[in-house]
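Both ligands and their constituent atoms are indexed starting at 1 by order of listing. No hydrogens, no waters, no symmetry mates; every other heavy atom, side chains included, goes into these values. Start at 1 with the first residue, then count along the sequence.
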Amino acid sequence: MKIVIIGYGWVGQANALALTLMGEKVYYYDIQAYKPHYSSRYSAVYGRVTSLSSPLGQDSENTCYLVCVGDRTLPSGQQDISAIKSALTSLSETKGTVILRSTVLPESLKSLKFDFYIPEFLHEKKAVEECIEPHFFVIGERIKDSKQPPFFKKWSRSAHKVFRGTPEEASYIKYLSNIWNATQIAFVNEFGDSIKKPATREDVDASKKIIDFVLGGGSYVRYGKSFGGHCLPKDISAFIYKQKQKGFEASIISGIKESNGLHEQLQKTHNVLPEWYSEWQLPEISLVTSLKIIARILYRKIFYLFK
Ligand SMILES: NC(=O)c1ccc[n+]([C@@H]2O[C@H](COP(=O)([O-])OP(=O)(O)OC[C@H]3O[C@@H](n4cnc5c(N)ncnc54)[C@H](O)[C@@H]3O)[C@@H](O)[C@H]2O)c1
């Protein structure tokens with residue numbers, strides 16, 4: 001099996017490096033020169049991923065394409081998937097399997113040609129590791145019970161949770177996950193601001209003490225800076241826009257966006273709020289399960305060491 005990554009940005013590189021480390025032969029194609037995002041930890045692995053000068057340069061029945069091209073959200077909130085459409089069109093003559101990894105609204109998937117929709121849930125700071133052991137492995141099959149590429153088995157085994165359904169269901173899971181993460185951040189920040197305006201570190205600590213007592217201070221529920229980055233703001237705006245178009249007022253989700261905007265204004269004048277890095281929180285597990293996981297990690301570490 002050959003894997004070709006189409007779009008070598010954050011998601012494309014994380015998938016390429018992870019799959020290379022998992023023992024796959026990986027190629028990439030991008031319409032522009034790439035900037036390495038994970039070279040501090042994985043510079044040696046970059047050399048094992050081969051560049052292609054055309055997307056179908058390694059095409060065969062055993063080639064699997066992972067399309068990791070970015071979407072955009074226009075100022076109106078409308079999602080622009082023209083780059084994704086153009087990447088999929090460049091693969092229209094393939095004999096292989098096409099897997100879409102970009103974030104696409106459920107309603108837009110019908111117009112796209114692919115075999116599997118597998119949305120990506122990684123965080124940029126631990127992207128390669130999260131790509132080897134995904135938190136969610138969500139498989140949206142275009143045709144029910146299609147034959148899956150062999151490396152799906154590895155992801156299914158290492159994932160914390162696996163879902164199999166339609167591409168539309170997979171997309172709703174992606175948006176639900178992003179919007180839920182954003183909701184928690186916005187809610188905690190709004191509550192913190194209501195206790196005390198964060199003018200000094202002591203003010204921040206005073207609000208934090210109350211919030212952490214109830215919510216535990218874990219990922220996404222820590223009082224701090226507003227949510228931003230490449231994904232949450234654009235995905236929420238696109239979701240709200242689409243719902244409005246369908247005649248549905250997503251009032252709570254719209255409120256999250258508004259609340260985050262107000263908090264963003266506040267942090268411009270009160271620059272003491274901490275920036276949090278959030279990651280997937282695993283539920284508490286039994287001793288036996290913990291030992292099984294440790295044994296699996298050790299086995300994998302030894303396996304990669306001798307590869
Ligand atoms: N960045 C993240 O943390 C993250 C996490 C989960 C999901 N996502 C989603 O994954 C998708 C990709 O995000 P990203 O952050 O990797 O984007 P990115 O901008 O870093 O990378 C996209 C790459 O695609 C390339 N490209 C554009 N058109 C192309 C074409 N026709 N053929 C080949 N390459 C082409 C671009 O040159 C760019 O290098 C988005 O839909 C995003 O929402 C991103």
**Study point:** Linked, directly or transitively: I132 and I5 (ILVMFWY side chains, under 4.5 Å)
**Key:** yes

Check your understanding: Looking at Y223 versus W276, is the centre-to-centre ring distance below 6.0 Å?
Key ->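 No: the rings miss the under 6.0 Å criterion.
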
Point to revise | Residues forming a side chain to side chain contact (heavy atoms under 4.5 Å, CB included) with K242, sequence neighbours excluded | key: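 Side chain to side chain contact (heavy atoms under 4.5 Å, CB included) check on K242 returns L105, E107, Q245, K246.
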
Check your understanding: Which residues satisfy the side chain to side chain contact (heavy atoms under 4.5 Å, CB included) test with P233, sequence neighbours excluded?
Key -> F227

Between ligand 1 and the protein, find all N/O pairs closer than 3.5 Å and give the distance for each.
{"residue": "ligand 1", "atom": "1 (N)", "partner": "E124", "partner atom": "OE2", "Å": "2.8"}
{"residue": "ligand 1", "atom": "3 (O)", "partner": "E124", "partner atom": "OE2", "Å": "3.2"}
{"residue": "ligand 1", "atom": "16 (O)", "partner": "W10", "partner atom": "N", "Å": "3.1"}
{"residue": "ligand 1", "atom": "16 (O)", "partner": "V11", "partner atom": "N", "Å": "2.8"}
{"residue": "ligand 1", "atom": "20 (O)", "partner": "W10", "partner atom": "N", "Å": "3.1"}
{"residue": "ligand 1", "atom": "37 (O)", "partner": "D30", "partner atom": "OD1", "Å": "2.7"}
{"residue": "ligand 1", "atom": "37 (O)", "partner": "Q32", "partner atom": "NE2", "Å": "3.0"}
{"residue": "ligand 1", "atom": "39 (O)", "partner": "D30", "partner atom": "OD2", "Å": "2.7"}
{"residue": "ligand 1", "atom": "41 (O)", "partner": "D71", "partner atom": "OD1", "Å": "2.7"}
{"residue": "ligand 1", "atom": "41 (O)", "partner": "T103", "partner atom": "N", "Å": "2.9"}
{"residue": "ligand 1", "atom": "43 (O)", "partner": "D71", "partner atom": "OD1", "Å": "3.3"}
{"residue": "ligand 1", "atom": "43 (O)", "partner": "T103", "partner atom": "OG1", "Å": "3.3"}
{"residue": "ligand 1", "atom": "43 (O)", "partner": "K234", "partner atom": "NZ", "Å": "2.6"}

Review point. Are the charged groups of E120 and K174 less than 4.0 angstrom apart, N to O?
Key: no

**Study point:** Set of residues satisfying ring pair (Phe, Tyr, Trp, His ring centres under 6.0 Å) with respect to Y175, sequence neighbours excluded
**Key:**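 By the ring pair (Phe, Tyr, Trp, His ring centres under 6.0 Å) rule, Y175 matches F239.
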
